[in-house]
Amino acid sequence: MSEMIQKPDSNAFFSVQDIHSYYGESYIVQGVSFEIAEREIVALLGRNGAGKTSTLRTIARAHEPFLKKGKIVLNGMPLHQLEAHQAAQIGVQLVPEDRRIIGGATVEENLILAQIAKPIGWSFEQIYEHFPRLAERRKQQATTLSGGEQQMLAVARALARDLKLLLLDEPYEGLAPIIVREIERILLEVKKLGITTIIVEQNAVAALKLADRAIILDTGLVAFDGSAQEVLDNKELREEYLAI
Amino acid sequence: MVNQIFLQIVTGLQLGAIYVLIALGLTLIFGTLGVVNFTHGALFMLGAFSAVIISGNYGFVAAIIIVPPFLFFFGVLMERFIVRFFYDRPHTDQILVTFGFAIVIQETLKWIFGSNNIPFKMPAWGRGILKLHEYVPFLDGFVAYPKWRFILITVSFFTVIALFALLQFTRFGMVIRAGMNDSEILSFLGINITRRFTLVFGLGSMIAGLAGVFAGPVTNVDPGLGMFYLVPSFLVVVIGGMGSLPGAVLASFLLGMAQSFTVSFAGLQAIVVYIVAVVVLLFMPRGLLGKKGVLD
Amino acid sequence: MGIINRGTIHLTVFALIVLTFPFWFEYTGGYAGLDTKIIIWAIFALGFDLLLITGYLSFGHAAFFGISAYATGLMLLHYSSNIIEAMIVGVVVSTIAAVIIGFLTLRRTGIYFSVLTLAFGEMFHTAAVSIFSGLTGGENGLTGLPTPTLFGEKMQGSNVFYLCAIFLIIGFYLARRITRSPFGLMLKSLKSNQTRLEYIGINVQFYKNSAFVLSSIYAAVAGSLMVIYEPYVATEFLEWKTSGTLVIMSVMGGVGTLFGPMIGAAFMLYFENVASVFLEEQWLLALGIMFMAIVVYLPGGFVDGYKRMMRHWVKKNQA
Amino acid sequence: MSKKHDKSKGLTRRDVLKISAASAVAASTPMFFVKDAWAQKAIGNFPVNGPTVTYGFNVPLTSIYADEGEDELRAYKLAVKHLNNGGGMVETLQPNALKRNGVLGKKVEYVVGDTQTNPDAARTSARRMIERDKVIMFSGGSSSAIAIAQQYLAQELGVIFMCGLTHSNDTTGKDKRRYGFRHFFNAYMTGKALAPILSKEYGKDRRAFHLTADYTWGHTQYQSMKDFTEKEGWTTVDNIMTPVKTTDFSQFLTPILNSDADVLILNHYGKNMNNSLTNAVEFGFKEMQKNGKNMEIVVPLYSRLMAKGAGQKNIEGVLGTTAWNWTQKDDDPGSKAFVETFEKEYGFPPSQAAQTCYVQTIIYSDAVERAGTFYPPAVIKALEGHEFAGTGPGKTLYRAEDHQCFKDMLVVKGKSPSQLKGKYDLLEIVSKVKREDTVYPVDTFPGELGPYEPA
Amino acid sequence: MAILVVNNISKHFGGLQALFKVNISVEAGTTHSLIGPNGAGKSTLLNVLTGQIEPNEGSVVFKDRPLLNITPHKINQLGIARVFQTPAIFPEMVLLENVMAAVFASRDGAYKFNLLESRRHAQSVANFAIEILEQVGLQHKIRSEARFLSRGDKRRLELAICLAHKPSLLLLDEPTAGMARHETESTIELLRSISKKNMTIVIVEHDMNVVFALSDTITVLSQGQVIAEGIPDHVRGNPAVIEAYLGKEHA
């Protein structure tokens, strides 16, 4: 496995250097390193429990898992020294698993909340233009939206901020196939914007459609780092690490 | 008969008003920060002591102006230096540390001011009685009630309104409400939620200070006050549903009315608060209005 | 296993310390009378630990202490000065109360459990001083009790001490056996992971209730002994401050260690009665600060502190 | 005469206890009627060894009666000073056996305990004094529950307890103890003294509503006030028992607003009284008209410290009784000596609690001197039925049958702020009630004193 | 003979239909896998089986006994053990205690508690616990606290806790999630050896290697409904399964 780990290059737009993080006492991310160029889209793959979500949350500087060791650098900024809100202020945006739409608030309030901290990204007009469904439902309680609409809102919320690195955690999870296609369309649009993105997805096939590159994690370590096509073509690799 | 029932309702309201003022901050802090604050009674007491000292020297208006900000500041410091380290610890640890701090506040006040009651002089504009029969048509004869109690009810009412307005209609409130729901996602959106939580703790303490200023003249001021109100205010919060502001308001008045209407049965009156608590909790485990918070 | 194993040694040392307590206690600034009180509170705290092992923090344990004290007191007053009947009645009445309260409160967890027990406790306290004041003597407490006797022997002075000491030694022996029994393992599991315990086929509710009742029996014995020690029942026995004191003792000593709460009880009473001479009225303030410091810096209490010290010492000596 | 009995030098206190227990049967023979025939066994901390003797002062230093406790402590310290060096009432007591060189030639020392205004803590603290500090007598307290609890302890352990401030009828009624003596008056005497003055001031046709602290002192106070005011022709409209812990009495005042009562009697003391009176004034009871009369508030048991806690404006014109007031310094030499020495020592006048505690210490010491021994049964005998003067106005009697003290007392009224002459001048004396007017038969209350030698 | 029969189970949470008329029959002594994409209702079904969730309709029969409306501990005492998705163990206790608790529970039942029996002297219990720990390959760690184990080992420990009961039906919720490949393989071996002892196993799993290696029968759920059932080879080739689960393009 170790031969696959690349030496992190500090000149990269974004780099993760040997990070180790813990949930309480469980050691989850056990020394992950990779780097991403600007505007690149990377799929972070691996089976359940491989540490994908934990890696994303570590990058977003969530309170848990707790980063014990390692460096995370975005555009020269040392993310590993920041807290979640500071990371968000320099342009890291996590679209978490389960969307985490804020209950008790309307669609628009969810977007307002995204723009309380500076710097901000898209204006509401831009957002509603790209997401007409949200415009229709702007006064509606956000939690009453359908799963797909909630996912749209979650993505829109990220775009409402001035973002440099987008982290998508399981964007298709729990959605009906037809909705998945719609979210896919939106993400392809986002892709055109040229935002550096890490996408974690269980449905590797769907993720690889978006990604330029794939990184496969296995028990908290990078097991593979290569082009997306390589993963699609290499059945053994898929069977070994993705179980498909 | 009508008079009596009317008076008992008023009494229930004003008893409830005191509970509201004390419990509001407690439930706000629990709902937002998830901290069980056994110091809250002591904060109320600190408010009452500050109020009696300041109003004695500089007048009651000065107390209104100075005490709530002082308690706000005190709460901020308390959050910053004690409570913050207990967010991730179990509730029982939070109970223990805040209980310990309550003892420290109480004993310090006792040390400085002694244990006896300090008479709280009401301001001239608050003294005297209101002749209710002149305003309320269905009352006959002479029905009066102290003016201060109505001031208390009014202050309590406006505090509730102000807090609701703050939470419902301001940006700060929106963040706080959202934070009660999911504080992590807000930090992913770049909001420094920790700082705002500190402010909320200050806000909760400030309401306790306000309670001290306005309830102090009727509960009187001595170092046993904090522990005395701690138990009922916790009952209020738990009966209402931990973290639910409307629940706390509802529970306050429920307890106030229960106390007011059992007044002629000495034994029952003494324990009615506990009976209500036990009955409510046994049948509605999460209290009257659940625990999902202000938003619901 | 031979007869001389660690358990026997622990127990023997413990028994020796307890039985010789009056002889060396005076050299530490203590005095007779306080020793008996410490032993009684140690029984109370020891039993409380059996509940704390399960992770449930009761703020109403004074109820069982107090109910038993009142029942014992009333027996001594109206029935006979012989302590056997009085103690049995005290413990039985209190246990019945514990079964009922446990059944009602243990369905809730965390803060709800704490507040519910607090409410029940205060209910009993308030009822004792108001509704039942005819029976309980109200705020004056239950006074005028005869000197308790055991088979004609007056239970005073050292007699009471040794009676309490025997109860403590037996209580400690049982508590030790219980925590080391399959049942004790289940209590530990209960705190660790209730769901898993349920999924290995244990009726969690039943076990919780049993732990609650067991610990209340200790409280009842302590309450009963308190009345024999001081033929008098104070309303404070039922008050939530008594429960609060118990919690402070347990936490300061070290929850879940059996020894800890007993040490906490001894420390607190010693501090209250001996150190208060130097600190005067400020002893409670000092205690509050100390308590906070322990919660913040030493969540395992004195016992944990001792263990850490020993570990540090061992490490140092090895190096 | 006791010296030769100092045989138990090497014994520990535990042995002492055992001996005293074993000798209980032997001691309960009627020998003690002949003074010189005392079988002076070790009882409590008797015999007293060494050149000093220790008194224990168990007063509330924390919790709600701390102010009173501190004042009591000042009085005790002063009393000890006077006993050792002369001065104060040591000079004015009549008859007087005190020698100004301590007691029985032993220098008096003292230890202090904190009752925390809590019977359990009080007993713990008293036990500590008795068992660790070997006090021969202890005294103090500001609550009947605490006094009663300590009285029983005194009886058990054979150490005399000189009650401080306790007003319940029970202290010398159903809970009277051989080893306890009360210098303070009680609720019954309050009723007896106050009722005639109430009817004189407010008229015979009055309707009274009581609020009563729900514990035995409150109950006895209510009963006494009810009985005596009804004798004067008043009607008792109703009574509400208020839980002791109440801080806001509004819910209890509401029913009174709506009743036809024109007098409110607050059977409250301490913090309860502070709060209920403050609330009652707030409810406008002082300005209210009922049945064409001015509504009146009565607080049967008054103390200057309590009046201070309630606030001057609130107590204005409110009637009640008190044992003694420092303004009586001009009335008799005992009060004068006490007030002057107290003021000289501390810079302000003493409270009634201080006076009671001071007298108790002096009187106990005098009884020891008269008995010629610290042997408790002998001292008790010397105190029982003793009549003396020079500790306040008139003569004072410690009744043998119930250990209740009878002496002159006061009916007082809160002064209006304009009348005040200084910070400590809160109460106006309405009437000086003579001792004869408050005496009641022993059998008014049940109870037994118990044996001279503890069981 | 079917040891477990699930009849027409439906469950909805509010508007979400988690299970819709699900019928499954598990043969005694076989290994039966439940697969399907996230949100297909697999976990809900397990929760129904272990008494955590009451279904809206339908019935469950285990060894000819109805299984609904009884509490989890009774279900366990009937012989159904469950391994959770996130390992449910006793983190603060050492491994031996973890398993001994389960052995005691199995020996004494739900109510009987041995208040004064010494655990140290319960040799047969300890021996059996050690035996089980050996079986799952944790014998060298019996004195360490469970919270310090790796995720894979925690799962093994949980399996050991479940085996302590000698259950007749073992429910496994993603038993290999979070395991490294070599761990997965040894887990497969372990499960295989367990199933050989005539144990009935129901597995919910994402890892197709595991599923195909172990299963006698596979049931595929999608959006709360059974879309396919049969032997592994049959399921592998089923177009509906491929569409729902594996993704269209790369089946």
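Every heavy atom of this structure was used, including side-chain atoms; hydrogens, water molecules and symmetry mates were not.
- Of the atoms belonging to E:Ala102, heavy atoms from both backbone and side chain fall under 4.5 Å from chain C.
- Residue contact with chain C, scored on non-hydrogen atoms closer than 4.5 Å, is absent for E:Ile75.
- Although no hydrogens or angles enter the test, the distance criterion places a donor-acceptor pair under 3.5 Å between the side chain of C:Arg196 and the main chain of E:Ala88.
- Atom NZ of E:Lys74 is separated from atom CD of C:Glu198 by 11.0 Å, given to the nearest 0.5 angstrom.
- A donor-acceptor pair is defined here as one N or O able to donate and one able to accept, closer than 3.5 Å; no such pair exists between the side chain of C:Asn193 and the backbone of E:Phe90.
- Taking a 6.0 Å sphere around OH of C:Tyr173, one finds it holds 12 or fewer heavy atoms contributed by other residues, nucleotides or ligands.
- Listed in order of number, the residues of residues 176-185 of chain C that approach chain E to under 4.5 Å between heavy atoms are C:Arg177, C:Ile178, C:Thr179, C:Arg180, C:Ser181, C:Pro182, C:Phe183, C:Gly184, C:Leu185.
- Expressed to the nearest 0.5 Å, how far NE2 of E:His73 lies from CZ of C:Phe206 amounts to 10.0 Å.
- Considering only heavy-atom pairs separated by less than 4.5 Å from chain C, the leading option among E:His165, E:Arg107, E:Met93 is E:Met93.
- Heavy-atom neighbours of C:Tyr306 OH from other residues, nucleotides or ligands within 6.0 Å: at or below the threshold of 12.
- In terms of non-hydrogen atom pairs under 4.5 Å with chain C, the most contact-rich of E:Ile89, E:Asn98, E:Asp108 is E:Ile89.
- Taken to the nearest 0.5 Å, the CD atom of E:Gln77 stands 6.5 Å off from the CD1 atom of C:Ile202.
- Crowding of E:His140 atom NE2: a count of heavy atoms from other residues, nucleotides or ligands under 6.0 Å exceeding 12.
- The structure places CD1 of E:Ile161 at 10.5 Å from CG of C:Leu197, a figure rounded to the nearest 0.5 Å.
- The contact between C:Ser189 and chain E is made by backbone and side chain atoms together, counting heavy-atom distances below 4.5 Å.
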